[in-house]
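Predicted, not measured: the structure shown is a model, and the values here were computed from it. So that the names make sense, note that chain A is the first sequence line, chain B the second, and so on, each numbered from 1.
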Amino acid sequence: MSFGHKHILGIEQLSREDIFYILDTAESFKEINTREIKKVPTLRGKTIINLFFEASTRTRTSFEIAGKRLSADTINISASSSSVVKGETLEDTARNIEAMHPDIIVMRHGASGAPHYLAERLDCSVVNAGDGAHEHPSQALLDLFTMREKKGRLEGLEVAIVGDITHSRVARSNLYALTRVGARVRLSGPGTMLPPGIDRLGATVCDSLEAAVEGADVVMMLRIQLERQSRGGPLLPSLREYSRFYGLTPEKLKLARPDALVMHPGPMNRGVEIASSVADGPQNVILDQVENGVAVRMALLYLVAGGEAPANE
Amino acid sequence: MSLLIKNGRVVDPGNDVDAQLDLFIDRGIIAETGAGLELEADEVVDAAGKLVVPGLIDIHVHLRDPGLEYKEDIASGTLAAVAGGFTAVACMPNTQPVNDNLAVTRYIQARAGEVGHCRVYPIAAITRGLKGESLTEMGELSENGVVGFSDDGRPVENGSVMRRALEYVRPFGAPIISHAEELSLVGDGVMNEGFVATELGLKGIPWVAEDAMIARDVMLAELTGGRLHVAHISTRGGVEIVRQAKKRGVRVTCEATPHHFTLTDEAVRGYDTNAKMNPPLRSEDDLAAIREGLADGTIDAIATDHAPHHFDEKNVEFNLALNGIVGLETALPLTLKLVEEKVIDLKRAIALLTCGPAGALGLAGGSLAKGQPADVTVIDPDLEWTVEPEKLHSRSKNSPFGGWRMKGAAVATIVGGNVAFRREG
Ligand SMILES: [Zn+2]
Ligand SMILES: [Zn+2]
């Protein structure tokens, strides 16, 4: 098969086959990252622009390394998300970037839908590296990659996602991806952070962290934005209260299956959504997620550039 | 100058008329109506197969003049109005400067007299500068042709200020027009709260933000005896609150827009900024409630909330896009579509565009009775056309209906006996 997508705007657009195709491609790239010379000529001569309107050292670095290991020329551009403050609109930015003739733009933006906006107006491929509270597809794919690597399967896995679901693009993308490959998703978080209709996307909403975690194969904790207070009213009484009810402690983790994985998209608020002893405990695969991120992003860049997955022998 | 409109189906709901009649207009007045009129006229319009109705009235438009003429001005806005079949519009005061004093009101009236294609009724602000603090000189403004008061674009947040406005306006007759939003519940929402917002990752505005404010304002109207008109009602709860209030005898009227009875929040998918408006496009259930309200008389008028914006103000991230769409040239076919879908009958549809809005703001017009000013719209109900935003007469092109097939259009719009617009072809 070949990969039929010019852009990666969200998991929503990807079929189950697409997802497995990306994961299989990533697997073949993972090995490169352990070689002494971690570079292949696959995307030589291609230009990739990392266009980040929101600071994100992790994701940007991960994409940058991915591009470099494929021998592409990677350029980082940071811009203020509220570009209007500087008088430059997203369209102006897009035109300026297009003049550089990139092959791929990797874009992070604070507004949901911003990569869709760019994809409609530019000739190059657009890879969404996180848009507002909408999607973060590469994160979900690296999460799936890590689960499959550790568990040997995705189908039938019970995955608990806990935290601020409303504002989390990681949660949305994971929800789409996991349900599409046959895993079951349970969500939990404060009532102020559970958006209406989320159950219609195929998740079970649980009243408590305990209910979500019980018997789970994977427990994914989301980052709580310390500054998260909405103009629509307070979302939390206090972080102390949050950690008491929705923080993952060793005792609560015992409710999950003994071999359950603990995941976190990072950066972590230790002691808030995750106790340090859990974050550093034997079940955590948080650093594996980071490592696998590079391979998955290499696969994404390679596939949108028109590459085909190596034959599966 | 005299004009004879022959062989049309005259639908004049205000006078309970629906019949094959001729209309004779002389010196700007409807001089005679009757079957088979044999009168000499300077001009004869053959309206066979057409509807002849009172000139349509839109009581909620933004003409953007003075101050924001790059979006629209009185000339372009009223041209869009007559192209859409409207012979009169009432314009909101959120211009620059704000229409909160007689000088701005007089400017609008004078400009309309010079370059306007239809009648223009100014609506003035409730509070100075739309700041929600002190009242405008409602008495003098009313005396000088202001037909209503509204801080449209913003609610009057302070309940006491709204109360005083309703009390104060009572003897002057014009209604207070409520743009109903409880801003603390709106928060930083940019579309209707619900499943679509959840999927798109956009912040939601709950329906209760509108209901709560309509409830407050209806209660204040009840307390004070002042006249309240609720602008662009969009929720099931809002319609129900007005329905119950009317039963209790509260002096309240309300309007709904074509987009709120035609589109739901599904239209936002793809982050289409032409589907961004305030109040936001709501759910299927809210849409059904609006349609029920139009049918049972709870909703008095269809109004467009015509809100032109420049291309650049919509060509941005969804969060940053300005609210609103142009509506003057699509309102009539979207209303006729309700007839085709058997939501309302033709008479009711025409009432909602003529005597309904006239009654809500206490305007002249909306009637084809003998002796009335000759504001008449001739409609071809079968004319099929496709909405091409770049061809709209409005200066701005922000319509979510681009590419839609429409049925029905005004073929002649007559204002005060003069043909202000004629559709060619
Ligand atoms: Zn309004
Ligand atoms: Zn308005």
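- B:Phe195 touches chain A through backbone and side chain together, each having a heavy atom under 4.5 Å away.
- Applying the 6.0 Å contact sphere to CZ of A:Arg95 captures no more than 12 heavy atoms from other residues, nucleotides or ligands.
- A ring-centre distance under 6.0 Å is not found for B:Phe318 and A:His134.
- A 4.5 Å side-chain heavy-atom check between A:His167 and B:Lys203 finds at least one atom pair inside the cut-off.
- Annotation for A:Pro196 and B:Glu193: closest pair CG-CG, 3.7 Å, computed over non-hydrogen atoms.
- A:Ser112 places a side-chain N or O within 3.5 Å of a backbone atom of B:Gly201 that can act as its donor or acceptor partner.
- With a threshold of 4.5 angstrom between heavy atoms, A:Arg169 does not approach chain B through any atom at all.
- Within the model, atoms CD of B:Glu199 and CG of A:Leu175 stand 9.5 Å from one another, a figure rounded to the nearest 0.5 Å.
- Put simply, the side chain of A:Arg172 gets close to the backbone of B:Thr198: a donor and an acceptor are under 3.5 Å apart.
- Atom CE of B:Met406 sits in a crowded spot, with more than 12 heavy atoms from other residues, nucleotides or ligands closer than 6.0 Å.
- With a 4.5 angstrom heavy-atom cutoff, B:Asn315 touches chain A via backbone and side-chain atoms both.
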inquiry  = If you apply the rule side-chain contact (heavy atoms from CB on, under 4.5 Å), what do you find for B:Leu200 with A:His116, and how did you get there?
reply    = CA-CA 11 Å; B:Leu200 294 178; A:His116 307 67; over 6 Å; no
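- Contacts of A:Glu135 with chain B are absent, with no heavy-atom separation under 4.5 Å from either backbone or side chain.
- Within the 4.5 angstrom heavy-atom criterion, only side-chain atoms of A:Asp131, from C-beta onward, approach chain B.
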